[in-house]
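Side chains are part of it too, since the values below use all heavy atoms of this structure and drop only hydrogens, waters and symmetry mates. Everything numeric here is computed off the predicted structure, so don't read it as measured data. A note on names: the letters A, B, ... follow the listed sequences, proteins ahead of strands, and every chain is numbered from 1.
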Protein chains: 2
Amino acid sequence: MTEIAHRYQGTAVPDLTFPPREGGYPKGHETREEILRAALRILIEEGYRAMSMRRIAAQCGMKLGNLTYHFPNREDLVQALLDAVITSYEIEFANIFHDPSTTPEQRLELYCELVLEDIRSKKTTRLFPELWALSNHDTFVFERVHDLYRRARAPLEDVIAEMRPDLAEPARHDIALFISASMEGLTVFAGYAKPFESRMQSLEAVAARAFLDVVRNFVAPADSA
Amino acid sequence: MTEIAHRYQGTAVPDLTFPPREGGYPKGHETREEILRAALRILIEEGYRAMSMRRIAAQCGMKLGNLTYHFPNREDLVQALLDAVITSYEIEFANIFHDPSTTPEQRLELYCELVLEDIRSKKTTRLFPELWALSNHDTFVFERVHDLYRRARAPLEDVIAEMRPDLAEPARHDIALFISASMEGLTVFAGYAKPFESRMQSLEAVAARAFLDVVRNFVAPADSA
DNA sequence: ACAGATTTAGGACACTTGACAAAGTTTGGG
DNA sequence: CCCAAACTTTGTCAAGTGTCCTAAATCTGT
């Protein structure tokens, strides 16, 4: 690992990012945010099934009626929570890749390190599998999650384009997709409290090697359009 | 793709495999299996949250009382379902790698093709994210799922050992883990009804290249023990 | 065809769920 | 200060949840 690759160590993605407040008292906004924080806590600690309106209200010491005042129905709450969670990541990814002082190889390594570090956090390890499961049955979650991943791949595709200008766009996209998916997959195996959490460091080395090699060496099959 | 790599095309993993019947009438066993099939159907179509006892009973047109006769409580049912689902995969993996007539490279390719084919099935795309989410809060699911993955990696480790006898065991294990995790990660992106389902073929080429390269070229860092 | 084991139906229980309505309380601008 | 808007509590509603129990129906070997 190069020194530059450690630049963002410890810069965890914020749990929730809230949309700008419009109308209402400050108290109201504070309550709204507290509700979403409580909901996220339950989702992480006990899973989606336990995340009921009453459970959330209890978690932040308020009455159920108040909750339904701020979020008229459960779906509203879930969507607001998802938005707040995902916006954090989108901001993070938008900010990271504005440093042109590094080589593409370094940026690739940096990117992977950032993602693999985030994956080890309890929040991400617990949250994303829930989102993957939800996205199978909820189109709103589906759209929002894959929109996030699409944005997350953009910098990756830039790096690949720099390293392999000879490749056609679909091939570059496939490679970026593969790299992104590979890292996400590690969540289940080497995320927080997972069997191979302690192997993450060496897995990072394997991943880095595999990703570098595939970007450098991949040759598109004749029928890969 | 070599010809041999297509040998197992279309050999989908059975949905459920039931333990040998002991005691009771045939009718009872049939009902038990029908219940689990109905539960799986709901889990796949509507998610874990919708998989209530009443919903399952309704799904297979029987009374709730009958369901609780066969599965005294919900946990029993969930565990039996998980067992039936996972046993199918364990049998599949145990049977696949008993063919010594192929080269390690071919077996690696065969293995990846099998997994990536399975991932595109509706059942697997829908089921596994649910299991990953559940495993975060249910130790029984956790154990069972990771036991399955451990068995699934065994043939992979054998292949890697053949190809890279020079590597230490931990390094081989890391590589197998990475390969397995990479493929699982593709579920979310290129599984059934996912945004890049249609790219699976070309993603397979990317993955094959990346996996072959990393197995062939990986060099363990000095501190990778 | 009968007795005993097994399976199913039907209902009851105590509890939780999301939604709603009608009161209270707090807040901040005029 | 004051009042309307925003917030919070309190209570209720129908529907859904898992679990338990008993009686009826069904099956199997004799």
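Distance, A:I35 CD1 to C:dG18 P: 14 Å, rounded to whole Å. For the pair B:I56 CD1 and D:dT17 C1', the interatomic distance rounds to 12 Å; values are reported in whole Å. Atom P of nucleotide C:dT6 and atom NE2 of B:H29 are separated by 10 Å, given to the nearest angstrom. As rounded to whole Å, 10 Å separates atom P of D:dC7 from atom CZ of A:R21. Rounded to an integer number of Å, the gap from CD1 of B:I42 to C1' of D:dT17 is 14 Å. B:M53 has its CE atom 15 Å from the P atom of C:dT8, to the nearest Å. In this structure, B:M51 places its CE atom 14 Å from C1' of D:dT17, rounding to the nearest Å.
The pair A:R199-A:E204 does not meet the salt-bridge criterion, since no charged nitrogen lies less than 4.0 angstrom from a carboxylate oxygen. A salt bridge does not link A:D15 to A:R37: none of the charged side-chain nitrogens sits closer than 4.0 Å to a carboxylate oxygen.
Listed by chain and residue number, A:E75 satisfy the side-chain hydrogen bond (donor to acceptor under 3.5 Å, both in side chains) test with A:Q79 (two or more places apart in sequence, or in another chain). A:H173 pairs by the ring-ring contact (aromatic ring centres under 6.0 Å, His included) definition with B:F196, not counting sequence neighbours.
If you take CG on B:L116 and CE on B:M183, they are separated by 5.5 Å, rounding to the nearest 0.5 Å.
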Are there any protein N/O atoms within less than 3.5 Å of an N/O atom in nucleotides 23-30 of chain D, and if so, which ones and at what distance?
unit_1	atom_1	unit_2	atom_2	d
D:dC27	O2	B:Y25	OH	3.4

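Listed pair B:T31 / C:dT8 meets the phosphate criterion, a side-chain N or O lying under 4.0 Å from OP1 or OP2.
Applying the ring pair (Phe, Tyr, Trp, His ring centres under 6.0 Å) test to residues at least two apart or on different chains, the pairs with a partner in residues 137-156 of chain A are A:F142-A:H146, A:Y149-B:F189. Within the structure, ring pair (Phe, Tyr, Trp, His ring centres under 6.0 Å) contacts touching residues 34-89 of chain A (residues at least two apart or in different chains) are A:Y89-A:F128.
In this pair, B:F211 and B:F178 present their aromatic rings perpendicular. The plane angle is above 60°, beyond the 30 to 60° band.
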| Test log, rule salt bridge (charged side-chain N to carboxylate O under 4.0 Å, His left out), inputs B:R41 and B:E46 | CA-CA 8 Å; B:R41 216 173 309 138; B:E46 307 181 46; over 6 Å; no
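For the segment residues 58-82 of chain B, residues with any heavy atom less than 4.0 angstrom from an atom of DNA chain D are, sorted by number, B:L64, B:T68, B:N73, B:R74.
A:R49 comes within 4.0 angstrom of the backbone, heavy atoms only, and of no base.
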